[in-house]
Amino acid sequence: MTSLLQSLRSLVALRWLTGRNAVIAVPALFLTAAFLVPFLIVLRISLSDMDTAGSPFGGLLSYVDGIVVLKVKVANYLFIAADELYLLTYLSSLKYAAITTAICLCIGYPFAYFMARAKPSIRPVLMMLVMLPFWTSFLLRVYAWKGILANHGLLNDLLLSLGVVSEPLHMMNTSFSLVVGMVYAYLPFMILPLYANLVKMDMRFLEAAADLGATPLQAFWRITVPLSKSGIIAGSMLVFIPSVGEYVIPELLGGPETLMIGRVLWDEYFTNNDWAMASSVTVLVILLILVPMAIFNKYKTDQGAEKQA
């Protein structure tokens, strides 16, 4: 009887590992190893004392006189909540991420629309132009903008030679240079989801709208934009989420007034050497990013339920 039960259990386990469950298990294990485990390690460090952060349990668990004691330090989170600098930094990161997302949407939507309506023979060329910047190192592309926006850079020299300005414009180490660099870096992440959505749109809807007397602008706002809503949301998430924690662009192109959370994290980790505080800031950044992701997932779930209904 025991051997029969063991055989049944092995068959059930083998059946669970085949087919759909096996396909789902692979990305689930990858996401657990790539995200959940590192997040739990950072969370443990954030709740520990700096002196015990390197121990196996980070000083969270201790055994004293036969009693297991759980010691959680929340002082770092309370300090972040009480310190105005961290609050302003979080708000500044959200502001620049939102501005970058809005500009990328305004630039990327017309470009994606043009790509989707172009002849199929030239769509690969347009796609290659969008992906062409990825053939060059991200760091080199950001450094190139330093040469373009400097006081005696390419843009100022061009404006001076054309007589548009009488003296060089101060564009480097400002909010302008920061936004320009972030829009340039993340614009492809907005174009590609929009293009993938628009190229699959059924053109018969636009033909029906034209037959009913709708102008091209009315058809665009009432049909094209609503049908591309999922692409807009996906592209916005792909731009907004990495923009919040961006470090390289604010460091190279931004100035003192463009303080973002990525630079604060760097200072806490490598300048102040306070891993517990830096981990606390990291946990809050992750939670801050999870909010728009949860909204996007809810939207996708509701959209799927509406289609099934």
Side-chain angles (χ1 to χ4, degrees), residues 34-35 38-39 42 89-90 92-108 111-112 126-159 168-195 234-275 278-279 281-282 285-286 288-289 292-293:
F35 174 77
F39 174 75
V42 172
T89 304
Y90 280 116
S92 177
S93 299
L94 292 175
K95 179 185 73 173
Y96 286 116
I99 293 173
T100 301
T101 303
I103 296 176
C104 285
L105 179 59
C106 293
I107 299 175
F111 197 90
L126 298 175
M127 182 70 71
M128 186 189 68
L129 292 176
V130 174
M131 301 179 65
L132 194 62
F134 294 110
W135 296 6
T136 309
S137 169
F138 174 76
L139 191 60
L140 291 178
R141 287 186 279 128
V142 176
Y143 264 111
W145 278 104
K146 292 175 67 72
I148 295 173
L149 300 177
N151 289 343
H152 296 285
L154 296 177
L155 183 56
N156 269 316
D157 289 344
L158 177 62
L159 295 176
L169 298 176
H170 178 64
M171 293 179 286
M172 272 298 301
N173 299 325
T174 62
S175 300
F176 172 78
S177 59
L178 172 64
V179 173
V180 167
M182 293 180 67
V183 168
Y184 169 77
Y186 292 112
L187 183 59
F189 296 100
M190 178 66 75
I191 295 176
L192 295 177
L194 286 171
Y195 167 74
S236 299
M237 293 298 101
L238 288 175
V239 174
F240 181 83
I241 291 173
S243 296
V244 173
E246 179 61 48
Y247 167 73
V248 175
I249 297 175
E251 180 68 21
L252 296 179
L253 300 181
E257 71 277 7
T258 59
L259 186 63
M260 294 183 67
I261 201 64
R263 299 177 67 181
V264 173
L265 279 174
W266 175 273
D267 291 337
E268 293 291 352
Y269 271 116
F270 300 105
T271 303
N272 301 334
N273 200 26
D274 191 347
W275 283 44
S279 298
V281 176
T282 303
V285 172
I286 293 174
L288 194 67
I289 291 174
M293 292 183 63

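Because the structure is predicted, anything quoted here is derived from the model rather than measured.
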Quick one: sort the Phe39 and Phe35 rings into parallel, tilted or perpendicular, breaks at 30° and 60°. parallel
Might you point out which heavy atoms bring [X] and [Y] nearest each other, and give the distance in Å?
{"X": "Tyr247", "Y": "Gly262", "value": "CD1-O, 3.5 Å"}
{"X": "Val281", "Y": "Tyr90", "value": "O-OH, 3.2 Å"}
{"X": "Asn156", "Y": "Leu169", "value": "OD1-N, 2.8 Å"}

Distance (rounded to the nearest 0.5 Å) between [X] [atom1] and [Y] [atom2]:
{"X": "Thr100", "Y": "Leu187", "atom1": "OG1", "atom2": "CG", "result": "11.0 Å"}
{"X": "Tyr184", "Y": "Leu253", "atom1": "OH", "atom2": "CG", "result": "11.5 Å"}
{"X": "Ile249", "Y": "Arg141", "atom1": "CD1", "atom2": "CZ", "result": "8.5 Å"}
{"X": "Met260", "Y": "Leu265", "atom1": "CE", "atom2": "CG", "result": "11.0 Å"}
{"X": "Ser236", "Y": "Ile241", "atom1": "OG", "atom2": "CD1", "result": "10.0 Å"}
{"X": "Leu178", "Y": "Met172", "atom1": "CG", "atom2": "CE", "result": "10.0 Å"}

Let me see the working for Leu149 and Phe176 under side chain to side chain contact (heavy atoms under 4.5 Å, CB included), right down to the final yes or no. CA-CA 10 Å; Leu149 300 177; Phe176 172 78; 4.2 Å; yes
Are the side chains of [X] and [Y] in touch, meaning some heavy atoms are under 4.5 Å apart?
{"X": "Tyr195", "Y": "Met127", "value": "yes"}
{"X": "Met131", "Y": "Pro188", "value": "no"}
{"X": "Leu139", "Y": "Leu252", "value": "yes"}
{"X": "Thr101", "Y": "Met237", "value": "no"}
{"X": "Val183", "Y": "Val239", "value": "no"}
{"X": "Phe240", "Y": "Leu94", "value": "yes"}

Test ring-ring contact (aromatic ring centres under 6.0 Å, His included) on Phe189 and Phe134 and set out the steps. CA-CA 11 Å; Phe189 296 100; Phe134 294 110; 5.5 Å; yes
Let's go through Met190 and Leu238 carefully: what are the C-alpha distance in whole Å and the side-chain angles of both, what is the deciding distance for side chain to side chain contact (heavy atoms under 4.5 Å, CB included) to 0.1 Å, and is it a yes or a no? CA-CA 7 Å; Met190 178 66 75; Leu238 288 175; over 6 Å; no
Do Tyr96 and Glu246 pair up side chain to side chain, a donor and an acceptor below 3.5 Å, judged on atom types alone? no
Could you go through Trp145 and Met171, starting from their C-alpha distance and side-chain angles, then the distance that decides it, and tell me whether this counts as side chain to side chain contact (heavy atoms under 4.5 Å, CB included)? CA-CA 11 Å; Trp145 278 104; Met171 293 179 286; over 6 Å; no
